[in-house]
Every structure is written in structure tokens, then in C-alpha cells.
Amino acid sequence: MTRIAIVSLLIMSFHANLLGQGLFESSLSESPATSGSEFLSIGGFIRSSAYIAETAEKQELYLQSVYAQASLQLKAKAGSRVSAFTDIRFRYGNEWQENLWEIDLREAYVDLQTGPARFRLGKQVSPWGKGSLFNPVNKLTPMDPTIRSPETDDMNLGIWALQGNISLGSYLEVSATWNPLYQPGKLLIDPIPMPAYVNFLEADYPDVHLDEGNYGIQMDLHAPALDAALYWYQGYHSWPGIAFDSFILDTATMEPVALKLYEKAYRIMMAGADFSLPLGSWIITAEGAWFQSTKAHEGVEYLPFSEISYTAEIERSSSWLTLIAGYYGKHILDYVPAQANPVLAAEQEQFLPQMEEGMLTPELLNGAVEEQVAAFNRLYNYQLEEFYHSCFLVLRGEFFHQALEVELPVIYNITTEEWTAQPSISWMPVDGIRVKAGFSGFWGGDKTLYDLVGPVLNAGYVAMTLTF
């Protein structure tokens with residue numbers, strides 16, 4: 001039904017704009033080359049960044065990431081109806097103690113505007129949601145939280161998609177998105193210290209088939225007093241799960257030999273809504289979503305529980321200071337307590353009682369380790385508890401005509417007692433160039449996710465960016 005609705009919307013949008021003149025006639029009738037600047041514009045940035053952190057083992061300072069990056073952004077137009085955009089990024093340096101040389105086509109798409117409808121085809125970055133720090137409805141755009149960049153938007157990854165938008169009046173717009181290629185987000189697996197016997201096999205991702213695509217529908221209301229949207233998504237979750245393959249234990253020494261795991265994609269359904277309400281110098285924003293996997297999660301270690309997540313925030317802006325305060329929460333549906341410790345490891349101590357009683361069978365061994373993998377997935381997805389509560393605060397100041405900017409976002413998870421703080425200060429000595437320094441920190445108590453990834457990800461940085 002979702003596929004039928006999206007195809008119908010795309011056909012409707014296309015048909016609504018064939019009633020006038022032909023698409024190609026209208027675009028060709030307007031000369032795209034009236035001037036070079038109108039047809040093609042070139043922009044981008046050049047950036048140099050350095051991240052300094054402590055090694056997780058010896059707690060010695062080292063260059064976690066040092067690189068030079070160039071972004072070439074091209075905007076092209078063919079008349080008033082057709083436009084295109086591309087962002088090509090080149091990066092060279094050293095990151096995570098490995099040499100780095102990469103070319104990334106971050107975005108490359110073509111827009112066709114035909115009356116009340118617009119079509120966009122290509123690789124694009126279009127996250128859903130209106131929240132500042134949390135977006136429960138954003139299941140379409142994957143993320144890479146390991147990105148070492150002074151700009152948090154760089155964590156969003158591009159997806160190949162066909163998107164159609166149709167205006168249904170002055171205030172209402174409906175869009176449909178079809179994404180046939182699975183683009184996973186990057187799990188925080190590499191930074192987590194693991195025993196040498198833990199091995200990740202080739203990931204199990206879907207093949208390129210028409211019935212394996214992702215589908216999203218968004219309905220926007222843009223009224224003078226209210227900005228709201230409804231969302232529906234059916235497709236693969238942008239975060240793959242961690243699946244159990246096999247475990248080998250040397251019964252003579254009781255030492256683990258191999259624990260084999262792999263990333264596994266799974267399909268979900270999501271329904272959500274958000275709104276933003278301006279009240280003078282105040283803005284109230286709320287966002288919420290429900291999602292569940294399309295298969296039952298019982299007995300499947302990589303599938304999450306169904307959940308409802310929600311966030312609300314209030315923003316106050318003045319000429320030089322912006323303050324955002326908010327709350328984020330989750331309710332895990334059909335909740336049952338975890339049956340094991342959330343670790344991707346299997347030590348001999350946990351099997352000694354069964355070994356002494358002669359009850360250590362291969363089935364019992366695999367079942368126990370599989371329960372640990374399931375618990376780790378719940379730790380990663382924040383589903384170990386039935387309810388989660390977090391609060392956050394963002395302070396942003398701009399001084400000397402925006403030449404100096406100071407920002408301090410802080411998040412505290414009340415349930416897990418985890419902290420996140422990312423203070424930064426940036427200075428623009430002349431137009432076009434900005435120097436930025438800051439710190440990205442994650443702290444948590446014993447057996448929390450931030451306790452695992454914080455010692456690796458915590459880092460201070462300095463970056464210089466020239467925008468042209």
C-alpha cells in the first residue's frame with residue numbers, strides 16, 4: 001500500500017503539470033545561457049582540521065585526526081524550471097592512526113520544477129524533523145557519528161532517491177521519497193575496544209531489488225501561525241543490528257577461540273509528527289514518532305523492541321543570544337528485562353558453573369552468547385530500560401557582528417546518567433575565513449554506551465575554513 005501511494009503521488013505530480021505546455025518545450029524556450037553566472041555557479045570550502053585525544057589504553061595524547069579537505073559545490077540552471085547541484089569532497093590526512101585519502105560525492109541531484117510540482121533525482125541529504133538535537137522521525141537519512149568534523153551536519157549521509165513534491169494550496173505540500181539503494185549508518189563498533197577473538201563477518205545488507213526499497217511520505221503544513229508535518233516511513237532502519245553467527249570455546253582451557261558477528265539490516269514501519277509554533281521571540285517545537293520492525297523481535301537478537309520517542313523544546317532568541325532548552329524521552333513497548341550483560345565478549349568465568357556440572361552443551365553455549373549480543377543491541381539502541389528521560393540545553397552567542405560565535409550544547413540522560421558536551425568558539429577575522437576550536441565529550445557510568453565509546457571519541461579540535 002505504501003508503494004502504491006507513493007507511485008500514485010509521483011504520477012499525480014507529473015500529470016498535473018503536463019496540462020500546460022510540454023516540459024522540454026518550456027525549458028528550451030528560455031535560453032539557459034543568457035549569462036554565465038546564471039547558468040553555472042561554483043562555490044565550496046577548503047578546510048584544515050586537527051583533533052587531539054587520548055589513547056584509550058595508555059591515556060597518552062595523540063593526533064586522532066589531522067586532514068585537509070576541499071569541497072567543490074556546483075550549481076547549474078537550465079532555464080527557470082531545471083536546476084542541479086553537486087557537492088564533491090576530497091579529504092587527505094591521517095585518522096584513527098591510519099592514512100586517509102578519500103573522494104566523496106556527498107550530493108548530486110537534478111531538480112525539475114513544473115508548476116505546483118517538483119521532482120528531485122539523485123544523491124541527496126534531506127533529514128526529517130524539526131528538533132534541534134533529537135529527531136525521532138528521521139529514519140530516512142543515515143548518519144556517521146564517527147565523522148571528525150567541526151560541523152555536526154557533516155554526520156548526515158547522502159542517499160540516492162527519487163523525490164516528488166506537489167503543492168496542494170497555499171499552505172499544504174505533500175512529498176514522496178523512494179530510495180532503492182540501502183545506505184547504512186556507521187555503527188560505533190570500530191572505536192569500542194573488543195577482545196581479539198571477536199570478528200565481524202561480511203555485512204548482510206539487502207540486494208538491489210525494487211521490492212527492497214525504502215518509501216517515505218511527508219505532508220507539510222506551512223501556515224503563518226504554525227509549521228507542522230506528518231511522516232510515514234516503511235523500509236530499512238538506517239542503523240543495522242548486530243547479529244550472532246557462531247561462538248567457539250576451547251573446552252580444555254575454557255578460553256574463547258572465536259566469536260563471529262555481522263551487521264544485519266532489518267525493515268521497520270514508522271509514523272511521526274512534528275510542529276513548530278512561534279510566539280513572539282519564543283519558538284515552541286515538538287516532535288514524536290512510533291516505530292516497530294516488520295518482523296517479531298522475540299528470539300531475534302538484532303531486532304529492536306517497538307518504541308515511542310518524543311522531544312519538546314523551547315527557543316528564545318535575542319539580537320546576540322539564542323537559548324534552547326528541551327526534553328527527550330522514550331517508551332519501550334512490550335518491554336522485558338535483558339537476560340544477559342550487554343557485552344560483545346564471552347569470558348571463561350561465565351561458563352565455569354555449567355562446565356563443573358557437566359551441563360555445558362553447544363546449544364547452551366550459543367544461546368548464552370546470543371543473549372549477550374541481544375543485550376548489547378539493546379544497550380546501543382537505548383532499550384535496556386522501559387523508559388528513558390533526557391534533558392538538554394543549547395547556548396549560542398554571536399558578538400561583533402557575528403565575527404565571534406560561542407556555542408555550548410549539553411545533554412544529560414537522566415536514566416543512564418550519561419553526559420554530552422560540545423563547546424566551541426569560532427572567529428572570523430576577515431570575510432570568508434573562520435577559525436573554530438572546540439571539544440566533543442561523552443561521559444557515562446559503568447556499563448553504559450558512553451563508558452565504552454567516550455574514551456575513544458572524546459577529543460579537542462581546531463579547524464580553519466575558507467569558504468568561497
Quiz item: Do N135 and T141 come close enough that some side-chain heavy atom pair is under 4.5 Å?
Solution: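 They are not in side-chain contact.
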Quiz item: Under 4.5 Å between any side-chain heavy atoms of M143 and W239, yes or no?
Solution: yes
Exercise. Verify the ring-centre separation between H331 and F387: is it less than 6.0 angstrom?
Key: yes
Quiz item: Should D104 and R91 be marked as a salt bridge (charged side-chain N to carboxylate O under 4.0 Å, His left out) after you check the CA-CA gap, both sets of side-chain angles, and the distance that decides it?
Solution: CA-CA 8 Å; D104 177 30; R91 202 158 67 111; over 6 Å; no
Counting only N and O atoms by type, is there a donor-acceptor contact under 3.5 Å from the side chain of [X] to the main-chain atoms of [Y]?
| X | Y | result |
| --- | --- | --- |
| K436 | P150 | yes |
| T415 | H389 | yes |
| N377 | I242 | yes |
| N165 | S175 | no |
| E107 | V125 | yes |
| E398 | R396 | no |

Exercise. Would you check, one step at a time, whether the test side-chain contact (heavy atoms from CB on, under 4.5 Å) holds for Q402 with M428?
Key: CA-CA 8 Å; Q402 300 181 350; M428 187 168 61; 5.5 Å; no
Quiz item: Can E307 and K330 be said to form a salt bridge (charged side-chain N to carboxylate O under 4.0 Å, His left out), step by step?
Solution: CA-CA 7 Å; E307 70 175 36; K330 292 176 67 172; 3.0 Å; yes
Practice problem: Check the pair W320 / F399 against ring pair (Phe, Tyr, Trp, His ring centres under 6.0 Å), numbers first and verdict last. | Solution: CA-CA 6 Å; W320 63 276; F399 311 92; 5.5 Å; yes
